[in-house]
Amino acid sequence: MPTGMDSLTTTFQSISSSHLMFLQLSLFLPLESKSFSQRLISNLLQLWNHLMVIVYNVSYAGYGIGMALRRDIEIDYICEQIVVETFSARYILLCFKRAQLRRLIESCKRLWGYLEVGEDIVVRQFERKGHFFRHFLILSSLMAVTSYVVTAHFLRLPPLEANGTERKMLPFRFFMDVQEGPAFNAMYALQIINSYYLVFMFASVETVSLYLIMMACGYLRSLQDRLLSLITEMNEDDLSKNGEATFNVVMGCAHFHQKIMIFCKDVDQMTRTLFLFACFCPIYNMSITGIKLLESDEDKFKYASLLFVNLFQFFSCQWAPEFLIIESEAIATAAYFASLQPFAPSHREKINRILYFMMMRAQKPIQLTAGGFIKLSIETFGAMVKSAFSFFAVLRSFRT
């Protein structure tokens, strides 16, 4: 059964605070205060978030419509539009799944109550992995946005007429050719504010799966250590005399394992559609971005940062589920070694039966999927990168 929740709630909040802050930034989780002022701030922040996403989409969609009317195809526009649509689709999905996300956070908090003294350190080690991974993603995204802003500041578009002057360039796509001073400066500032703010909203979207999966990994590792402690903390006399106490410990481990399995199943149901967009769109966008890098345009190097963000985003979709596979399989090993101990004869059969069922369940590791049919792992990462390279080779053959 859970330990004292009153003593653990503060610690859970302190460990999860940075992740929950990002989720509250995009209003995937509600603000904790129920006061009128907080509800007003929440509604205004939600309106602001929706407005930023709409501005982002309208700018690119309008440019795409104009490009279609000109019967023109720009490879660099396709690269950027895929990023826009991928982020927007995942943002909209999470807006519709906010209630489900809140339930998962509450389940994660209840699992925290099953931890024993000292096991919070183990969970924190995995939470820190997700924390630093998210911050690296933010840094790479900020560098990508900055490369677009710097490129727009130093480069100019060719003139529309033979003897015309070079035109100023906005950092990102816009459906109108704005060249007048006040209008251009206003749109330039709006695009900078919009793009840098969306970097943190992008981090909020990535935080959902990263936080939930790494917390599950921490819980599984703490359970593994608890089973192995049956070997290291008790000698043969203790195990033979304290049969009832050992049975209660093993029962607690089995119950904890069952709760973690249910939590991970709910995480898979929550994230499978998100992973579907996060896997297929970035990996094949890398191939299209690679084609752009082979061209001789002056601004092509800004797409190198876009290529890196796509690769890193795709890797993050495989990295965390790979940890979950490893930690869930390790429970079988821990239960096996625990079953070899000389338990008290009065409880040995019952204890070994419980450990046997834990081993049987752990031999089928927790496997998260994209869309319910693509298994997420480092092996999948390698296979899909090879597929993207083949797609790149096909595109290059068409270009040449």
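As the structure is a prediction and not an experimental result, all values here were calculated from the model. For the numbers below, each heavy atom of this structure counts, side chains included, while hydrogens, waters and symmetry mates do not.
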Quick one: sort the Phe312 and Phe133 rings into parallel, tilted or perpendicular, breaks at 30° and 60°. parallel
Heavy atoms of other groups near Phe357 CZ, more than 12 under 6.0 Å: no
Considering only heavy atoms from C-beta outward, does the side chain of Leu223 approach that of Cys253 to under 4.5 Å? yes
Are any non-hydrogen side-chain atoms of Leu47 and Leu51 less than 4.5 angstrom apart? no
Decide whether a cation-pi geometry holds between Lys350 and Phe247; the criteria are a distance under 6.0 Å from NZ or CZ to the six-membered ring centre and an angle within 45° of the ring axis. yes
Is any side-chain heavy atom of Leu198 closer than 4.5 Å to one of Ser195? no
Is the side chain of Gln24 donor-acceptor paired with the backbone N or O of Met21 at a distance under 3.5 Å, no angle test? no
For Ile260 and Ala216, the nearest pair of non-hydrogen atoms, with its separation, is CG2-O, 4.5 Å
Exactly one of Phe22, Tyr91, Tyr211, Phe96 clears ring-ring contact (aromatic ring centres under 6.0 Å, His included) with Phe28, and that residue is Tyr91
Just by distance, do the side chain of Asp268 and the backbone of Thr369 share a donor-acceptor pair under 3.5 Å? yes
Between Arg353 and Glu349, does any NZ, NE, NH1 or NH2 come within less than 4.0 Å of an OD or OE carboxylate oxygen? yes
Heavy atoms from other residues, nucleotides or ligands near NZ of Lys259 exceed 12 (cutoff 6.0 Å): no
Do you know which of Ile331, Val122, Thr333 makes side chain to side chain contact (heavy atoms under 4.5 Å, CB included) with Gln224? Ile331
Does Ser147 use its side chain to pair, donor to acceptor, with the backbone of Ala144 at less than 3.5 Å? yes
Looking only at the side chains, is there a donor atom on one of Ser229 and Arg226 sitting less than 3.5 Å from an acceptor on the other? no
Could you walk me through whether Arg90 and Glu206 pass the salt bridge (Lys or Arg N to Asp or Glu O under 4.0 Å) check? CA-CA 9 Å; Arg90 297 172 73 196; Glu206 293 296 327; 2.6 Å; yes
Can Asn57 and Ser88 be said to form a side chain to side chain donor-acceptor pair (under 3.5 Å), step by step? CA-CA 8 Å; Asn57 278 270; Ser88 301; 2.7 Å; yes
Hey, mind stepping through Tyr60 and Phe172 against ring pair (Phe, Tyr, Trp, His ring centres under 6.0 Å) and telling me if it holds? CA-CA 8 Å; Tyr60 273 86; Phe172 300 94; 7.1 Å; no
Side-chain (Asn49) to main-chain (Leu25) donor-acceptor, under 3.5 angstrom: yes
Heavy-atom side-chain contact between Pro321 and Ile213 under 4.5 Å: yes
Within 45° of the ring axis of Tyr63 and under 6.0 Å from its six-membered ring centre, is that where the NZ or CZ of Arg173 lies? yes
Check whether Ser377 reaches the backbone of Thr380 with its side chain - one donor and one acceptor, N or O, closer than 3.5 Å. yes
Do the two ring centres, one from Phe314 and one from Phe275, sit under 6.0 Å apart? no
Ring-plane angle category for Phe87 and Tyr56, please: parallel below 30°, perpendicular beyond 60°, tilted otherwise. perpendicular
Main chain of Ile366, side chain of Ser328: is a donor-acceptor contact present, judged purely on distance under 3.5 Å? yes
Just by modelled atom types, is the Met286 backbone N or O under 3.5 Å from a matching donor or acceptor in the Asn310 side chain? no
Any donor and acceptor pair, going by atom type alone, linking the side chain of Arg361 with main-chain N or O of Lys364 inside 3.5 Å? yes
Which pair of non-hydrogen atoms, one from Ser204 and one from Leu23, has the smallest distance, and what is that distance? O-CD2, 3.7 Å
Pair Gln318-Glu322, side chain to side chain donor-acceptor pair (under 3.5 Å): steps then yes or no: CA-CA 6 Å; Gln318 316 290 338; Glu322 178 72 16; over 6 Å; no
Whether Phe184 and Tyr188 hold their rings parallel, tilted or perpendicular, with breakpoints at 30° and 60°: tilted
